[in-house]
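Each remark here refers to the structure printed beneath this line.
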Amino acid sequence: MQSYEEILAEVLIDSDSLQKRVAELGAQVSADYDGRDLVLICILRGAVPFMVDLSRRITVPHMMDFMAVSSYGIGKYESTGSVRVTFDLQMDIRNRNVLLVEDIVDSGHTIASVLEMLGTRQPQSLKVCALLDKPERREAHVPIDYLGFSIPNKYVFGYGLDLDEYHRNLTFVGVVDLEKYKAD
Ligand code: IMP
Ligand code: MG
């Protein structure tokens, strides 16, 4: 894999801006869930850094759980209507206030399917917190209750988002230079 410097077109959201926005979201969530039980659900793997930072900014007691889904994609970077759960929650979410934490909402199919599936488990409430939104790419309607940043239709990486599984560790969100990036 190439180093990130070799394939970075531009830094879209720097580390300070991310941390500042995550702190604001944490404060908003803390106010909204004051006095209520809360479980954060992280969609693996992209939402891990965001969920960890967000959780540390949430001042109400809360639990965490994790799930992984894989989409039956048309291409590597496209998702379709159907997703399959590859790693399910360990917790029973019935009667719980659930906040789904996702890295990015693109076509919307992933979150739409996860919402539909978790809805059948009868949580008390079910909301979505996404770090990034690419509204131009939306195909499925999804309500985003808490949003970090709305971004243009560009392929981004860092802060959880991967380039063929690499570079999730970066503390900023960058745009890929597709002319320089050589996928295997
Ligand atoms: P959706 O089902 O099209 O909304 O797809 C959302 C998923 O696609 C996200 O959870 C990401 O894993 C992935 N994704 C979409 N856009 C990007 C991007 O720009 N960089 C990295 N991953 C992306
Ligand atoms: Mg993802």
Side-chain angles (χ1 to χ4, degrees), residues 1 4 7-26 28-29 39-58 62 64-73 75-80 83-89 98-115 117-118 126-176 181:
M1 173 54 69
Y4 80 81
I7 50 177
L8 179 67
E10 57 167 319
V11 173
L12 189 65
I13 311 169
D14 66 26
S15 177
D16 286 350
S17 309
L18 283 169
Q19 291 304 324
K20 184 169 170 273
R21 187 74 191 115
V22 171
E24 288 167 0
L25 291 174
Q28 219 179 316
V29 170
V39 52
L40 300 181
I41 292 182
C42 177
I43 309 204
L44 295 170
R45 296 175 289 273
V48 169
F50 176 43
M51 162 110 151
V52 168
D53 287 345
L54 178 70
S55 169
R56 289 196 271 222
R57 297 290 189 167
I58 296 176
H62 59 279
M64 296 180 193
D65 205 354
F66 300 84
M67 72 184 295
V69 294
S70 109
S71 54
Y72 297 103
K76 218 166 172 185
Y77 304 115
E78 312 279 330
S79 72
T80 54
V83 299
R84 178 168 57 97
V85 177
T86 54
F87 179 76
D88 206 345
L89 300 175
V98 172
L99 183 58
L100 266 183
V101 182
E102 176 60 312
D103 53 357
I104 186 165
V105 182
D106 191 27
S107 71
H109 290 308
T110 304
I111 282 290
S113 320
V114 170
L115 280 175
M117 185 182 53
L118 295 184
L126 183 54
K127 299 214 162 176
V128 175
C129 177
L131 178 70
L132 305 174
D133 178 21
K134 277 187 201 169
E136 286 169 52
R137 297 254 306 169
R138 193 74 83 261
E139 289 170 11
H141 172 76
V142 271
I144 304 179
D145 304 282
Y146 302 91
L147 175 65
F149 301 88
S150 187
I151 65 168
N153 182 16
K154 291 180 175 173
Y155 203 80
V156 293
F157 69 117
Y159 200 65
L161 295 125
D162 71 302
L163 253 187
D164 294 325
E165 295 302 326
Y166 285 89
H167 301 313
R168 294 188 195 272
N169 60 305
L170 302 177
T171 58
F172 57 86
V173 172
V175 176
V176 184
Y181 178 57

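Here the options are L100, D106, I144, the test is side-chain contact (heavy atoms from CB on, under 4.5 Å), and the partner is I111; only L100 passes. In summary, of the residues considered (L163, L8, V156), a side-chain contact (heavy atoms from CB on, under 4.5 Å) with V176 occurs for L163 alone.
Shortest non-hydrogen contact noted between P152 and E136 is CA-OE2, 4.0 Å. Between L25 and Y146, the closest heavy-atom pair is CD2-CB, 4.1 Å. Minimum interatomic distance between V173 and G158 (heavy atoms only, all atoms of both residues): CG2-O, 4.2 Å.
Applying the side-chain contact (heavy atoms from CB on, under 4.5 Å) rule to N169 yields no partners; only residues at least two apart in sequence or on another chain are considered. Partners of E24 under the salt bridge (Lys or Arg N to Asp or Glu O under 4.0 Å) rule, at least two apart in sequence or in another chain, are K20, R21. Among residues two or more places apart in sequence or in another chain, the side-chain contact (heavy atoms from CB on, under 4.5 Å) test is passed with D16 by D14.
Using cut-offs of 30° and 60° on the angle between ring planes, the pair F50 and Y159 is tilted.
Panel note: side chain K134, backbone K154; a donor-acceptor pair is recorded below 3.5 Å. A donor-acceptor pair under 3.5 Å links the side-chain atoms of D145 to the main chain of V128, judged by distance alone. Checked by atom type and distance alone, the side chain of S107 never pairs as donor or acceptor with a backbone atom of E139 at under 3.5 Å.
At most 12 non-hydrogen atoms from other residues, nucleotides or ligands lie less than 6.0 angstrom from CZ of R57.
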- Message: Between F172 and Y4, is the ring pair (Phe, Tyr, Trp, His ring centres under 6.0 Å) condition met? List the steps.
- Response: CA-CA 11 Å; F172 57 86; Y4 80 81; 5.5 Å; yes
